[in-house]
Amino acid sequence: MLFQVGGQGSRPTFFEMAAAEQLPRSLRAALTYSIGVLALRRPFLHKLLDYEDESFSLLMLVLEAHSLRTTDASFSESLYGLRRRPANIKINNNDDTLTATTTSQLRRRQKLLSLLFLVVLPYLKSKLHSIYNKEREARIQATLWGDENESYDFQQDSLLSTSALDSRASVTTRITKRFQKIVGFCYPLLHAGTEGFQFAYQMLYLLDATGYYSLALHALGINVCRATGQELMDASSRISKIRSRERERLRGPQWIKTLQGALLSCTYTVLDYAQTGLIAAVFFFKMMEWWYQSAEERMSAPTVYPPPPPPPPPKVAKEGVQLPPDRTICPLCLQKRVNPSVITVSGFVFCYACIFKFVTQYKRCPATMTPATVDQIRRLFHDV
């Protein structure tokens, strides 16, 4: 079954929808990286990083609301030339095929619900994820320190039991702890359910079994399609009309109207070029990430050097004992070696008893006559 949106452009591919879904994550990573670099010289910017979820959600709320109002598409969908259209699915009983009839624009209710699914719900999910991580870390710490039902408070001077803490805690603290425990139990199920539904819809969309890329679009009754040239022209004229009406609504003395008009013009300029600027920031971030990753790989890549040549074999002194042709024979006792041991100053192998007596008496290697001590004798467990 292939879903088509009549008269509103063709159906986007799976890869276009996946790229549009991935763009906000790349944008957040780029903004976080940029703020982190700037915060090295401007410490007050660390407050933005402390409230990263709130700051990014507020920015996306403004951008998504502006994009839905002017182009009937999300911020990332408008970049790829996509538009949202309300679809009423009807079944034709004659040939059992599915067609979609659409209206020209999104309704106000659908735009508000789109904001809910695009900004509010992801923000709430990120906060639940952080609460779950804290609860999980506290549970792991409690397990490491003893009973799982006990918790360790690093702000106290001693380890208190859970019952003692609950007796002293306020009602707000008890409610907070109870809520954290509920989140710790329910969040994995919620996360698995949402990710499972998302994966199922993506697979069905990839196989042309549904016209909805996600559960949110299905719940809203919205199809995403490519924008036609006429729609782009209509969107431009609609934006001009909206801004003209907003300027006509200005009230007050002339200087106030002039000030309000200047503020509106600045706001329109920032919103118009926000998309280009943010996409440039994502591109710059990806380029810098590739650059530093390549440099790090080059620095951490192991350099292959040729193995060093072996040292020259030690020479036997004229006054030293001569080595027998059979290497398994001890040069001192001329018998098969027992408990073979090597003397480190030369590398020759003898019986342990023979070399120990010789070095103790003469303080030298018997073959090379190099000064040695009994501490330089090493036992060999695999004789050659």
Side-chain angles (χ1 to χ4, degrees), residues 1-5 8-28 53-54 56-90 98 100-130 132 183 186-227 275:
M1 294 183 295
L2 177 61
F3 286 70
Q4 295 180 351
V5 183
Q8 300 295 339
S10 60
R11 176 178 179 266
T13 63
F14 172 82
F15 300 100
E16 288 176 322
M17 296 297 295
E21 182 185 28
Q22 184 65 28
L23 182 61
R25 301 174 186 174
S26 301
L27 177 61
R28 178 169 183 169
D53 294 335
E54 290 76 8
F56 182 76
S57 298
L58 181 61
L59 174 63
M60 293 306 299
L61 181 63
V62 175
L63 295 178
E64 298 288 5
H66 174 72
S67 182
L68 287 170
R69 182 187 182 191
T70 56
T71 62
D72 285 344
S74 67
F75 175 76
S76 55
E77 290 168 354
S78 62
L79 177 67
Y80 289 92
L82 305 178
R83 294 293 182 269
R84 294 190 171 200
R85 295 290 179 265
N88 299 319
I89 305 300
K90 295 181 179 180
L98 296 178
T101 60
T102 62
T103 58
S104 59
Q105 296 180 8
L106 293 178
R107 295 186 292 271
R108 180 179 178 85
R109 173 178 171 273
Q110 290 176 323
K111 292 181 180 180
L112 294 177
L113 292 177
S114 296
L115 281 178
L116 177 68
F117 281 98
L118 289 171
V119 180
V120 180
L121 292 184
Y123 168 73
L124 294 178
K125 186 177 180 181
S126 65
K127 300 306 291 184
L128 290 177
H129 183 72
S130 62
Y132 169 75
V183 171
C186 297
Y187 178 77
L189 302 177
L190 176 64
H191 181 71
T194 55
E195 293 297 324
F197 274 111
Q198 182 69 13
F199 177 76
Y201 269 90
Q202 290 178 358
M203 290 300 297
L204 293 175
Y205 189 87
L206 181 62
L207 299 174
D208 291 339
T210 181
Y212 301 103
Y213 180 78
S214 64
L215 177 62
L217 293 175
H218 196 173
L220 295 175
I222 293 176
N223 277 328
V224 179
C225 60
R226 293 190 182 92
Q275 189 179 62

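Here the structure is a predicted model, which means the values were calculated and not measured. Note that these values count all heavy atoms, side chains included, but never hydrogens, waters or copies made by symmetry.
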*N223/L217 under side-chain contact (heavy atoms from CB on, under 4.5 Å): CA gap, chis, key distance, verdict*: CA-CA 7 Å; N223 277 328; L217 293 175; over 6 Å; no
*For R69, which residues count as a salt bridge (Lys or Arg N to Asp or Glu O under 4.0 Å) partner, sequence neighbours excluded?*
E246
*What residues, two or more places apart in sequence or in another chain, satisfy salt bridge (Lys or Arg N to Asp or Glu O under 4.0 Å) together with E21?*
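With sequence neighbours excluded, E21 shows a salt bridge (Lys or Arg N to Asp or Glu O under 4.0 Å) to no residue whatsoever.
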*Does a side-chain heavy-atom distance below 4.5 Å link T13 with R226?*
yes
*Do the non-hydrogen side-chain atoms of L82 and M17 ever get within less than 4.5 Å of each other?*
yes
Taking [X] for its side chain and [Y] for its backbone only, find out whether a donor-acceptor pair lies under 3.5 Å.
{"X": "R85", "Y": "I222", "answer": "no"}
{"X": "T71", "Y": "S67", "answer": "yes"}
{"X": "S78", "Y": "F75", "answer": "yes"}

*Which word best sums up how the rings of Y132 and H129 line up, parallel for under 30°, tilted for 30 to 60°, or perpendicular for over 60°?*
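Answer is tilted, since the angle falls between 30° and 60°.
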*Is a salt bridge present between E64 and R84, judged by a nitrogen-to-oxygen distance below 4.0 Å?*
no
*Indicate yes or no: does E54 engage K127 in a salt bridge with an N to O separation below 4.0 Å.*
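Salt bridge flag = yes for K127 with E54.
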*When E77 is tested against each of L68, V224, D72 for side-chain contact (heavy atoms from CB on, under 4.5 Å), which residue passes?*
V224
*For L220 and Q110, which heavy atoms make the closest approach, and how far apart are they?*
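Taking every non-hydrogen atom into account, O-NE2, 3.5 Å.
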*Begin with the C-alpha distance, continue with both residues' side-chain angles, and end with the deciding distance and a verdict on side-chain contact (heavy atoms from CB on, under 4.5 Å) for V120 and L115.*
CA-CA 7 Å; V120 180; L115 281 178; 5.9 Å; no
*What residue among F15, F199, Y213 forms ring-ring contact (aromatic ring centres under 6.0 Å, His included) with Y205?*
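The passing option is Y213.
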